Amino acid sequence: MQEKVEHSKEIVKNAVRDYRRIAVACSFGKDSMATVLLAREVQPKIPVFSIMTVFKPRATFDYLVRMNEQLGLNVTVFMVAREAEVPAVLKEREEQGELEVRLLSALAERFEAESAETELAYGKKIYEVAPDRCCELLKVEPAKEAVKDYDAWVCGLRNTEGRTRKDYKEVEFRGLAKVNPILTWTEAEVLGYLAVKGVPLHPWYSRVFPGGKRIRSLGCEPCTVPVYDWQEERAGRWKGTSKCGGECGIHTKRLK
Ligand code: SF4
């Protein structure tokens, strides 16, 4: 494992050397946390940004502020939301100068309008009938905003997470560079690394559901369900929709 860690650090080191304007993305899932720790060991001042949505569980916002404080991340949160929809815990920490929330209000208006149209037409939520569009507005668009001033970003993507992640490279170029330093790590290696570093996991990972199912890939609340250990980690994402086990789009669409 030590060899893998050193290799991952080398990837970040090279990226930091090659790209002055570089940041690390953090969803506050297990893979993101491992990536942030690694990246900050190489470059302690590397900016950290996070794309949050109004559908993230409350536990994610609580964990975000806890980790932000514990690790001194000074995270910048990008969120498509109305002012009133920003969780109080984020606002409090922003007032204390611990983090920054960048609200994308125009997109929030568009999202509200499209959500209302979908509900009227189908009697269901937008994430149930049009999850690609929901992710486009709540995740991909804010991700574009988050990376617009950078030449490279570092992600916690891993190629054993699921069927859609098998063919990525450790460094990719698509408008800007994307650096995937823990690409070859397994789920167990990520958990082991965080345990050694003494970084607690998001509390949803320790919930055990009937049949021994667990949350193994963490996203928005309506689109995250527990899965068996023998399933792919991302099998519980968007279950029951056309994009089950798939991607929100920030790794598949051009951001710049
Ligand atoms: S994960 Fe689900 S709720 Fe979140 S943006 Fe995508 S479709 Fe919408």
Side-chain angles (χ1 to χ4, degrees), residues 25-33 49-64 75-82 84-87 90 101-147 153 155-158 161-165 202-205 207 213-227 231-255:
C26 185
S27 66
F28 292 87
K30 62 189 188 317
D31 308 307
S32 285
M33 293 311 296
F49 71 82
S50 183
I51 311 297
M52 285 288 134
T53 79
V54 290
F55 297 122
K56 292 277 185 176
R58 168 69 203 245
T60 297
F61 293 106
D62 290 344
Y63 179 74
L64 181 157
V75 63
T76 303
V77 177
F78 290 82
M79 196 167 170
V80 174
R82 302 276 195 179
E85 293 173 310
V86 179
L90 283 192
V101 181
R102 293 210 196 150
L103 277 190
L104 303 166
S105 309
L107 276 167
E109 270 178 40
R110 203 184 331 155
F111 179 74
E112 266 178 26
E114 290 195 26
S115 291
E117 277 168 27
T118 306
E119 283 188 41
L120 201 61
Y122 301 98
K124 287 185 172 180
K125 299 286 186 191
I126 188 169
Y127 50 71
E128 294 174 287
V129 289
D132 278 329
R133 185 61 184 152
C134 188
C135 281
E136 176 78 27
L137 290 169
L138 298 189
K139 290 187 171 183
V140 178
E141 289 299 323
K144 287 179 185 170
E145 188 62 27
V147 300
W153 59 312
C155 308
L157 191 145
R158 295 179 18 251
E161 286 178 280
R163 61 182 165 80
T164 56
R165 301 213 158 169
H202 186 297
W204 275 27
Y205 289 116
R207 295 163 77 188
K213 287 182 179 177
R214 297 181 294 122
I215 302 285
R216 294 170 57 214
S217 178
L218 196 61
C220 293
E221 190 154 12
C223 303
T224 301
V225 297
V227 295
Q231 289 180 286
E232 288 190 328
E233 278 168 67
R234 291 178 65 80
R237 302 290 292 275
W238 301 286
K239 197 165 169 46
T241 77
S242 53
K243 66 194 241 150
C244 181
E247 295 289 332
C248 67
I250 64 171
H251 296 300
T252 52
K253 298 194 173 171
R254 206 179 161 108
L255 299 182

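Both ligands and their constituent atoms are indexed starting at 1 by order of listing. These numbers come from a predicted model, not from an experiment.
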Legend entry - Proximity to ligand 1 by part of Lys139, non-hydrogen separation under 4.0 Å: side chain

Legend entry - Between NZ on residue Lys30 and OH on residue Tyr205, distance to nearest 0.5 Å: 4.5 Å

Legend entry - atom 8 (Fe) of ligand 1: the protein heavy-atom neighbour that sits closest, reported with distance to 0.1 Å: Cys134 SG, 2.3 Å

Inset, instruction - Measure the shortest side-chain to side-chain distance between Arg82 and Glu109 over non-hydrogen atoms and say whether it is less than 4.5 angstrom. - result: yes

Inset, instruction - Could you tell me which atoms of ligand 1, counted from 1 in the order shown, lie closer than 4.0 angstrom to a heavy atom of Cys220? - result: 1 (S), 3 (S), 4 (Fe)

Inset, instruction - Give a yes or no on whether Cys135 keeps an N, O or S atom under 2.8 Å from atom 6 (Fe) of ligand 1. - result: yes

Inset, instruction - Before accepting this row, confirm whether a basic side-chain N of the pair Arg110/Glu141 lies closer than 4.0 Å to the acidic partner's carboxylate O. - result: no

Inset, instruction - Go through ligand 1 atom by atom and flag the ones less than 4.0 Å from a non-hydrogen atom of Phe55. - result: 3 (S)

Inset, instruction - Give the numbers and elements of all ligand 1 atoms closer than 4.0 Å to a heavy atom of Trp238. - result: 1 (S), 2 (Fe), 6 (Fe), 7 (S)

Legend entry - Side chain to side chain, Phe55 and Cys134, heavy atoms closer than 4.5 Å: yes

Legend entry - Presence of salt bridge, Glu114 and Arg133, under 4.0 angstrom: yes

Legend entry - Numbering as shown, the atoms of ligand 1 that approach Cys223 to under 4.0 Å (heavy-atom distance): 1 (S), 2 (Fe), 3 (S), 7 (S)

Legend entry - Separation between CG of Leu107 and CD of Glu136, rounded to the nearest 0.5 Å: 9.5 Å

Legend entry - ligand 1 atoms in contact with Pro131 (distance to a heavy atom under 4.0 Å): 7 (S)

